[in-house]
> 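The structure under discussion is supplied below as structure tokens; questions concerning it will follow.
Because only heavy atoms are used, hydrogens play no part in the values below, and waters and symmetry mates are left out as well, while side chains stay in. All of these numbers come straight from a predicted model, not from anything done at the bench. Chain identifiers are assigned alphabetically (A, B, ...) following the order of the sequence lines, protein sequences preceding nucleic acid strands; residue numbering begins at 1 within each chain.
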Protein chains: 2
Amino acid sequence: MSTPERLIESTRELLWERGYVGTSPKAVLERAGAGQGSMYHHFKGKPDLALAAIRRTAEEMRTTAEGVLGGPGTPYERIEAYLLRERDVLRGCPVGRLTMDPEVVADDALRAPVDETLGWLRARLAGIVEEGKERGEFAPSVNGEEIAAAVVATVQGGYVLARASGSPAAFDAGVRGLLALLAPRDR
Amino acid sequence: MSTPERLIESTRELLWERGYVGTSPKAVLERAGAGQGSMYHHFKGKPDLALAAIRRTAEEMRTTAEGVLGGPGTPYERIEAYLLRERDVLRGCPVGRLTMDPEVVADDALRAPVDETLGWLRARLAGIVEEGKERGEFAPSVNGEEIAAAVVATVQGGYVLARASGSPAAFDAGVRGLLALLAPRDR
DNA sequence: GTCTATACGAAGATAGAC
DNA sequence: GTCTATCTTCGTATAGAC
């Protein structure tokens with residue numbers, strides 16, 4: 001792997017583990033096995049490197065989600081598959097995590113990929129819910145965008161509960177609760 | 001306000017804004033208008049001061065939540081009141097936020113108040129859901145603990161969505177979606 | 001109790017040699 | 001492209017004067 005690649009990958013790992021504020025160039029360099037000069041040759045500085053890392057992580061998250069949401073099954077089944085998909089729960093979401101970083105939220109360039117990814121996910125889920133309404137799987141009274149927001153929020157908040165308790169159980173409980181409420185009745 | 005009080009309050013603000021990793025003793029001292037010596041006289045160091053701040057924030061959160069959850073109304077109405085209560089959405093949750101801090105999660109003493117508070121909230125909500133089942137407001141098939149986890153997760157995740165988009169709208173959407181799913185039918 | 005002085009490594013970046 | 005200085009400020013803490 002090339003040096004810029006290693007720098008980006010190391011940054012992605014550290015951003016996930018420690019966030020933007022908690023990630024120092026020094027730590028990135030050590031993990032990547034590179035020297036100071038390399039980093040400042042390929043990137044303008046910490047924000048520039050972080051931006052490259054965040055963009056890649058955001059794209060990866062979209063790809064993973066689409067793999068499940070675009071799969072087979074009824075709308076409910078695809079949402080269920082998304083919620084039940086295997087996750088490293090205690091590590092949390094590498095994208096959502098960044099919203100707790102004041103320097104990411106304050107910087108439009110850094111926040112943009114985060115916003116776009118979660119926005120895309122919400123819109124994608126909203127469309128699936130609307131599809132489910134047309135098929136009679138969901139009640140006509142439900143609002144696709146609201147359900148989509150609740151689904152994404154349950155996942156993001158599930159990570160919070162899991163990390164607080166040190167166990168994935170709370171994440172699973174929240175997902176099961178939401179799925180129970182969402183399940184098509186009378187079948 | 002006494003010096004230790006000012007130190008704790010300043011720390012609470014900074015932990016909320018910037019998290020544990022992003023909060024330096026120096027910043028706390030400036031905000032509190034105190035000198036280095038004062039802080040190390042009253043507290044053993046940064047973790048000790050942070051613990052005092054986190055404990056107070058956790059207690060405050062429990063008090064606020066109990067004010068709504070212990071209020072009047074049917075179980076559904078009390079859960080609704082909790083979800084719709086006024087919040088400074090873009091600031092996020094001062095307790096839940098700490099779960100994204102690796103140094104908090106890694107330190108049992110710092111994590112304990114976070115875990116206890118969210119655990120208490122889940123149990124409190126679970127009891128209310130069970131009460132609603134007894135009254136026939138919720139279906140007997142729903143699981144109180146699961147619904148409670150979904151409710152808390154929706155709130156915690158709602159903050160993530162709001163901060164990502166820079167607007168409270170996503171938080172509100174998620175809450176409305178969950179309430180629509182939770183609403184008693186046929187009445 | 002509070003202050004200043006001092007310490008030492010880390011954060012973030014630049015300069016210039018190779 | 002990569003490396004090793006070098007720089008300045010910050011982070012965290014101790015020592016000791018007042």
Side-chain angles (χ1 to χ4, degrees), chain A residues 1-56 97-98 100-111, chain B residues 1-56 97-98 100-111:
Chain A
M1 198 160 39
S2 69
T3 298
E5 276 302 306
R6 288 203 317 276
L7 288 168
I8 290 176
E9 290 303 314
S10 300
T11 303
R12 297 213 304 145
E13 294 172 15
L14 282 164
L15 285 179
W16 194 356
E17 292 168 21
R18 307 192 41 83
Y20 182 82
V21 170
T23 296
S24 69
K26 186 181 186 186
V28 169
L29 297 174
E30 278 170 9
R31 190 170 296 213
Q36 295 267 90
S38 284
M39 169 179 151
Y40 286 100
H41 175 75
H42 295 288
F43 301 94
K44 285 198 276 289
K46 174 177 170 175
D48 188 42
L49 174 54
L51 181 57
I54 292 173
R55 280 184 173 147
R56 182 170 298 180
R97 193 223 177 292
L98 298 168
M100 292 302 134
D101 244 301
E103 316 213 348
V104 170
V105 170
D107 184 328
D108 283 342
L110 292 178
R111 187 171 58 81
Chain B
M1 201 161 34
S2 69
T3 297
E5 276 301 306
R6 287 202 319 276
L7 287 168
I8 291 177
E9 289 304 313
S10 300
T11 303
R12 296 214 303 146
E13 293 172 16
L14 283 164
L15 285 178
W16 195 355
E17 292 167 22
R18 305 190 43 83
Y20 183 81
V21 170
T23 295
S24 70
K26 187 182 185 185
V28 170
L29 297 175
E30 278 169 11
R31 191 169 294 215
Q36 295 267 90
S38 283
M39 171 181 149
Y40 286 99
H41 174 74
H42 295 288
F43 301 95
K44 285 198 274 287
K46 174 177 169 175
D48 188 41
L49 174 52
L51 181 57
I54 291 172
R55 281 183 173 151
R56 182 170 300 181
R97 198 229 173 286
L98 298 168
M100 293 301 135
D101 243 302
E103 316 212 348
V104 170
V105 170
D107 184 328
D108 283 342
L110 292 178
R111 188 172 57 81

> Name the residue from Val28(A), Thr23(A), Leu15(A) that meets the side chain to side chain contact (heavy atoms under 4.5 Å, CB included) definition with Ser10(A).
Val28(A)
> Please state whether the phosphate of dG1(D), meaning OP1 or OP2, lies under 4.0 angstrom from any side-chain nitrogen or oxygen of Thr3(A).
no
> Ignoring hydrogens and angles, tell me if any N or O in the side chain of Arg18(B) forms a donor-acceptor pair with the backbone of Pro102(A) under 3.5 Å.
no
> In whole angstrom, give the distance that lies between atom CZ of Phe43(B) and atom P of dT14(D).
15 Å
> Any side-chain heavy-atom pair from Glu103(A) and Leu110(A) closer than 4.5 angstrom?
no
> If I take atom CZ in residue Arg31(B) and atom C1' in nucleotide dG11(D), what distance separates them, rounded to the nearest angstrom?
17 Å
> What is the distance, rounded to the nearest whole Å, between atom CZ of Arg18(B) and atom P of dC10(D)?
13 Å
> Would you sort out whether Leu29(B) and Leu7(B) count as a side chain to side chain contact (heavy atoms under 4.5 Å, CB included), showing the intermediate values?
CA-CA 7 Å; Leu29(B) 297 175; Leu7(B) 287 168; 3.8 Å; yes
> Are His42(B) and dT2(C) close enough that a side-chain N or O sits under 4.0 Å from OP1 or OP2?
yes
> How many Å lie between CG on Leu49(B) and C1' on dT12(D), as a whole number?
13 Å
> Give a yes or no answer on whether the side chain of Asp107(B) reaches the backbone of Ala109(B) with a donor-acceptor pair at less than 3.5 Å.
yes
> Residues two or more places apart in sequence or in another chain: which of them pass salt bridge (Lys or Arg N to Asp or Glu O under 4.0 Å) with Arg12(B)?
Glu9(B), Glu60(B)
> Rounded to the nearest Å, what distance is computed from the CG atom of residue Asp48(B) to the C1' atom of nucleotide dT14(D)?
16 Å
> Generate the contact string for nucleotides 10-16 of chain C. Rules: B means base contact, S means sugar-phosphate contact only, - means no protein heavy atom under 4.0 Å.
SSSBB--
